[in-house]
Amino acid sequence: MKVDLRNRNVIALKDFSEKEILYLIDEAARFKDLKAKRKPHKYLEGQNIILLFEQSSNRTRTSFEVAGFDLGLGVSLVDLRYNTLGTNESLEDAISVYDRYYDGIVYRGPDQKLLEYMIDLTDIPIYNALTDKFHPSQMIADMLTIREKFGRLEGLKLVYLGYTGDNMPSSLAITCAKLGINFVGCGPLEYAADKDVVSLSNMFSKNHHSDVIYTDNVKEAVKDADIIYTDMWIGLNEKDDVPVERIKKLYPFRVTQEIMDMTKEDSIFMHCLPAFHDKKSTLAQKVIEKLPSDMDLDGMEVADEVFRSEKSMVFDQTENRIGAVKAILYSTLRYE
Ligand code: CP
């Protein structure tokens, strides 16, 4: 049966079948190729989307903008960092307005439940641009990046090191499970994923006889790994109140060259960015100032030499965000 995603909401990949996810990855690759060959693809001309961002973003906001422009969409950006939905008028009224003006609503904010509620307020598709739970557009870009590198997805081993209960590892656990990639979340067990994520990913992985495992044993975890993935240990809103205790607990799980040396020879390193890999950002300088002087950090979650190494796929992932967003927007907004 042909995949038809028209008018679907894209708020979490747990709601999509394996076939549908693979279709989105294929479409992302197709759009990347069109862009590389400079072939125009304004397939959605005449439609408009609105980006509602309650939190800061570099990649996701711009990838939705660029993908939208390339597809011929009109794109409005509403920066809601200082004036969140529901402040000047009710959320319900605001969505009812956007429903009359736009063909799709893209939302970034701290609450997946709000996205689920928005779905009940409108018939136009709702897109998740990252919440506390999931990051679907990042997942399509990451899976395309992995497939480009290895030529396959099924049977690979992806190890996430760090805060394993966060939104990125939760998204990865579920996406890997759907696609037959073995997922290992390795970090302090007190930060492991919530029960819903564990039971969902276990259920999905059974179709492929693949594994979803959580552990705090780094050596066991990274042995034979194809992919090492990590993300920042602090939220961008924590710069003035640095979580020193959390950083100390996560320190043994940082990605160093020594860790990469324990993985497979052709392994890769991935990070969704932004990354704390050196001291060049103001954020990094502010955070390091507040850490005990005996903590030697050239970066935080990843050593600079790993981030800059040939194994590092971080900017390929970023590039693939454009094709991924095009795949999501085109497949859900196309008329025929
Ligand atoms: N990876 C990612 O979502 O980046 P931004 O926070 O810059 O959008």
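Note that the coordinates shown come from a computational prediction; the quantities given were computed from them, not determined experimentally. Numbering of residues begins at 1 and proceeds along the displayed sequence. Ligands are counted one by one from 1 in listed order, and the atoms in each one are counted from 1 as well.
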Visitor: Identify the protein heavy atom lying closest to atom 4 (O) of ligand 1, giving its residue, its atom name and the separation to 0.1 Å.
Guide: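 For this ligand atom, the closest protein heavy atom is R59 NE, 2.9 Å.
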
Visitor: So does K279 get a backbone contact from the side chain of Q285, meaning a donor-acceptor N/O pair under 3.5 Å?
Guide: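 Answer holds: yes.
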
Visitor: What about Q138: any of its N or O atoms under 3.5 Å from an N or O on ligand 1?
Guide: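 Such a contact does occur with ligand 1.
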
Visitor: Taking R152 for its side chain and R147 for its backbone only, find out whether a donor-acceptor pair lies under 3.5 Å.
Guide: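 Looks like no, no N/O pair under 3.5 Å.
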
Visitor: Please confirm whether Y330 and F31 have ring centers closer than 6.0 angstrom.
Guide: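 Between F31 and Y330, which both carry aromatic rings, the centre distance is below 6.0 Å.
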
Visitor: Go through ligand 1 atom by atom and flag the ones less than 4.0 Å from a non-hydrogen atom of R321.
Guide: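 Within the 4.0 Å cut-off of R321, ligand 1 contributes 1 (N), 2 (C), 3 (O).
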
Visitor: Hey, does the side chain of E27 reach the backbone of K326 with a donor-acceptor pair shorter than 3.5 angstrom?
Guide: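 Checked: no pair found.
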
Visitor: Go through ligand 1 atom by atom and flag the ones less than 4.0 Å from a non-hydrogen atom of C272.
Guide: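 Under 4.0 Å from C272, ligand 1 has these atoms: 1 (N).
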
Visitor: For atom 7 (O) of ligand 1, what is the closest protein heavy atom, and at what distance to 0.1 Å?
Guide: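 Here the closest protein heavy atom is N58 N, 2.7 Å.
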
Visitor: How does Q317 reach ligand 1, if at all, at less than 4.0 Å between non-hydrogen atoms: by side chain, backbone, both, or neither?
Guide: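 It is neither; nothing of Q317 touches ligand 1.
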
Visitor: At what distance is the nearest protein heavy atom to atom 6 (O) of ligand 1, and which residue and atom is it?
Guide: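 Scanning the protein heavy atoms, the shortest distance from atom 6 (O) of ligand 1 goes to R108 NH1, 2.9 Å.
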
Visitor: Would you say that more than 12 heavy atoms from the other residues, nucleotides or ligands in this model lie under 6.0 Å from the OH of Y101, or not?
Guide: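 Counting neighbours around OH of Y101, 12 or fewer heavy atoms of other residues, nucleotides or ligands fall under 6.0 Å, so no.
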
Visitor: Does ligand 1 have any atom sitting under 4.0 Å from a heavy atom of Q55?
Guide: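 In this structure, Q55 fails to qualify as a contact of ligand 1 - no heavy atom is under 4.0 Å.
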
Visitor: Give yes if a backbone or side-chain nitrogen or oxygen of L273 is under 3.5 Å from a nitrogen or oxygen of ligand 1, and no if not.
Guide: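 Yes, L273 has an N/O under 3.5 Å of an N/O on ligand 1.
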
Visitor: Backbone or side chain, does any N or O of R61 fall under 3.5 Å from an N or O of ligand 1?
Guide: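 No; every N/O pair is 3.5 Å or more apart.
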
Visitor: Taking salt bridge (charged side-chain N to carboxylate O under 4.0 Å, His left out) as the criterion, tell me which of D166, D194, D196 meets it with K133.
Guide: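 The salt bridge (charged side-chain N to carboxylate O under 4.0 Å, His left out) with K133 is passed solely by D194 among D166, D194, D196.
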
Visitor: Geometry only, no angles: is P274 polar-contacting ligand 1 at N/O separations under 3.5 Å?
Guide: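 In fact, backbone or side chain, P274 has no N or O that close.
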
Visitor: So which of D211, V212, V197 actually passes side chain to side chain contact (heavy atoms under 4.5 Å, CB included) with N202?
Guide: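 For N202, the side chain to side chain contact (heavy atoms under 4.5 Å, CB included) check succeeds only for V212.
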
Visitor: Closer than 3.5 angstrom, by distance alone: can the side chain of K311 be matched with the main-chain N or O of E265 as a donor-acceptor pair?
Guide: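 Looks like yes, one N/O pair under 3.5 Å.
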
